[in-house]
Amino acid sequence: MSSKATREQLFPGQRPGETAQLVFHQHPLVMRKQLIIGLLAIVLAILPLDFPQVYADPNVAAWCLRIAIVIFAGVLFYWFHRWVGWYYTVYIVTNERIIEIKQKGFFDRTVSEWQLDNILFVNYRVGGFQAVIFSFGDITLRTYVGDLVIEKVHKPVQIHAQLQAIVLAHGGGKGDPDSSTPFTK
């Protein structure tokens with residue numbers, strides 16, 4: 001393989017002549033639950049250090065401080081673990097297919113792909129107060145086999161429009177908008 005071909009390859013498994021047209025992640029707010037749980041754990045860990053009775057015995061103060069440091073380090077590891085899962089979960093839309101790379105933790109990765117010409121519909125949903133305020137939602141791609149649901153995407157209206165244009169330009173989107181069955185010719 002020449003060095004020019006290596007430079008043009010943007011992701012592993014890219015086919016010759018295949019070009020990436022859209023790459024996107026989930027909204028960073030998917031990590032909000034982990035952030036809140038981690039912050040509560042840190043607050044509960046340092047709360048005993050706020051009471052003057054703890055400092056009456058140096059051994060108790062030392063143990064409370066050690067526990068707080070261990071919990072803080074554990075929360076940082078927990079946040080980093082979740083961030084790795086978010087950062088390396090990516091959706092790639094090429095001129096041939098849609099590739100979903102889902103990373104869960106450090107050692108669990110799932111890669112799925114759907115051919116563009118097999119996609120019948122592209123729909124989106126923005127549900128709830130937080131989703132409207134922070135501009136995230138779900139995109140559903142319906143195929144003959146089943147649905148690909150991309151959850152908590154930032155700016156789903158714009159991603160939906162781009163996906164729909166790409167799918168229609170490459171032979172997909174042949175479904176009947178009033179039913180879940182495709183057109184018959």
Side-chain angles (χ1 to χ4, degrees), residues 6-42 72-173 175:
T6 306
R7 279 189 297 236
E8 291 177 1
Q9 187 174 12
L10 298 175
F11 58 91
Q14 185 175 359
R15 300 174 184 156
E18 186 176 33
T19 58
Q21 298 186 349
L22 180 63
V23 177
F24 59 96
H25 291 273
Q26 291 180 316
H27 196 288
L29 243 63
V30 298
M31 298 179 287
R32 69 187 181 279
K33 186 190 314 181
Q34 289 79 9
L35 178 67
I36 292 168
I37 290 170
L39 289 174
L40 284 174
I42 290 171
F72 183 71
V75 166
L76 286 179
F77 179 77
Y78 176 62
W79 284 343
F80 181 68
H81 180 269
R82 182 61 182 109
W83 177 83
V84 165
W86 169 79
Y87 185 77
Y88 289 104
T89 294
V90 65
Y91 299 91
I92 303 169
V93 182
T94 70
N95 58 337
E96 297 176 12
R97 58 194 171 143
I98 296 176
I99 303 163
E100 174 189 48
I101 303 170
K102 276 195 167 183
Q103 184 78 30
K104 293 186 179 180
F106 298 118
F107 306 109
D108 185 10
R109 177 179 287 178
T110 304
V111 178
S112 304
E113 69 177 61
W114 289 266
Q115 299 301 317
L116 289 177
D117 57 353
N118 291 335
I119 295 174
L120 302 173
F121 306 108
V122 181
N123 302 317
Y124 74 92
R125 177 179 179 268
V126 177
F129 180 72
Q130 287 182 357
V132 171
I133 295 297
F134 295 112
S135 182
F136 67 88
D138 301 338
I139 296 176
T140 304
L141 299 138
R142 176 150 301 162
T143 66
Y144 293 109
V145 184
D147 294 345
L148 163 62
V149 179
I150 305 170
E151 296 177 335
K152 296 178 180 76
V153 176
H154 186 56
K155 298 184 180 179
V157 178
Q158 294 162 347
I159 299 287
H160 169 264
Q162 292 173 336
L163 274 172
Q164 199 169 30
I166 292 168
V167 167
L168 288 173
H170 296 288

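Note that the structure is a prediction, hence the values are computed from the model and not measured.
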Q.
Are I159 and Q162 packed together at the side-chain level, in the sense that at least one heavy-atom pair is separated by less than 4.5 angstrom?
A. yes

Q) Between the side chain of N95 and the main-chain N/O of T19, is any donor-acceptor distance below 3.5 Å? A) yes

(Q) What I'd like to find out is whether the side chain of Y88 reaches to under 4.5 Å of the side chain of I101, using heavy atoms alone. (A) no

Q | For the student: nearest non-hydrogen atoms of E96 and Q115, plus distance | A | O-OE1, 3.3 Å

Q | Distance in Å, L40 CG paired with L35 CG, rounded so as to fall on 0.5 Å steps | A | 9.5 Å

**Q.** Euclidean distance, Y91 OH relative to I139 CD1, rounded to 0.5 Å
**A.** 9.5 Å

Q. Side chain of Q14, backbone of E18: donor and acceptor closer than 3.5 Å?
A. yes

Q: Quick one: closest heavy-atom pair of K152 and D138, and the distance?
A: N-OD1, 2.9 Å

Q.
Please determine whether side-chain contact (heavy atoms from CB on, under 4.5 Å) holds for the pair I150 and Y124, giving the CA-CA distance in whole Å, both sets of side-chain angles, and the decisive distance to 0.1 Å.
A. CA-CA 9 Å; I150 305 170; Y124 74 92; over 6 Å; no

Q) Counting N and O atoms only, with roles assigned by atom type, does the side chain of Q103 sit under 3.5 Å from a partner on the main chain of G105, one being a donor and the other an acceptor? A) yes

Q: Taking all heavy atoms of D147 and all of R142, pick out the closest pair and write down the distance.
A: OD1-NE, 3.1 Å

Q. At what distance, to the nearest 0.5 angstrom, does OH of Y87 lie from NE2 of H25?
A. 6.0 Å

Q) Going from CD1 on I166 to CG on L116, what distance comes out if it is rounded to the nearest 0.5 angstrom? A) 7.5 Å

Q) How long is the gap from NE2 on H27 to CD on E151, to the nearest 0.5 Å? A) 14.5 Å

Q | Within 6.0 angstrom of F106 CZ, more than 12 heavy atoms from elsewhere | A | yes

**Q.** Any T140 side-chain heavy atom under 4.5 Å of F121 side chain
**A.** no

(Q) Distance check, rounded to the nearest 0.5 Å: I98 atom CD1 versus L148 atom CG? (A) 6.5 Å

Q: Locate the shortest heavy-atom distance separating F136 from Q130; write the atom from each residue and the value.
A: CE2-O, 3.6 Å

Q: Kindly indicate whether the side chain of W114, heavy atoms from C-beta on, has any atom under 4.5 Å from the side chain of L141.
A: no

Q: Measure across V75 and A41 and return the closest heavy-atom pair with its distance rounded to 0.1 Å.
A: CG2-CB, 3.9 Å

Q | Q26 side chain vs W86 backbone, donor-acceptor pair below 3.5 Å | A | no

Q) What closest approach, in Å, do P156 and S135 show between heavy atoms, and which atom pair accounts for it? A) CD-O, 3.9 Å

Q: For atom CZ of F72, decide whether the heavy atoms of other residues, nucleotides or ligands shown that lie under 6.0 angstrom number more than 12.
A: no

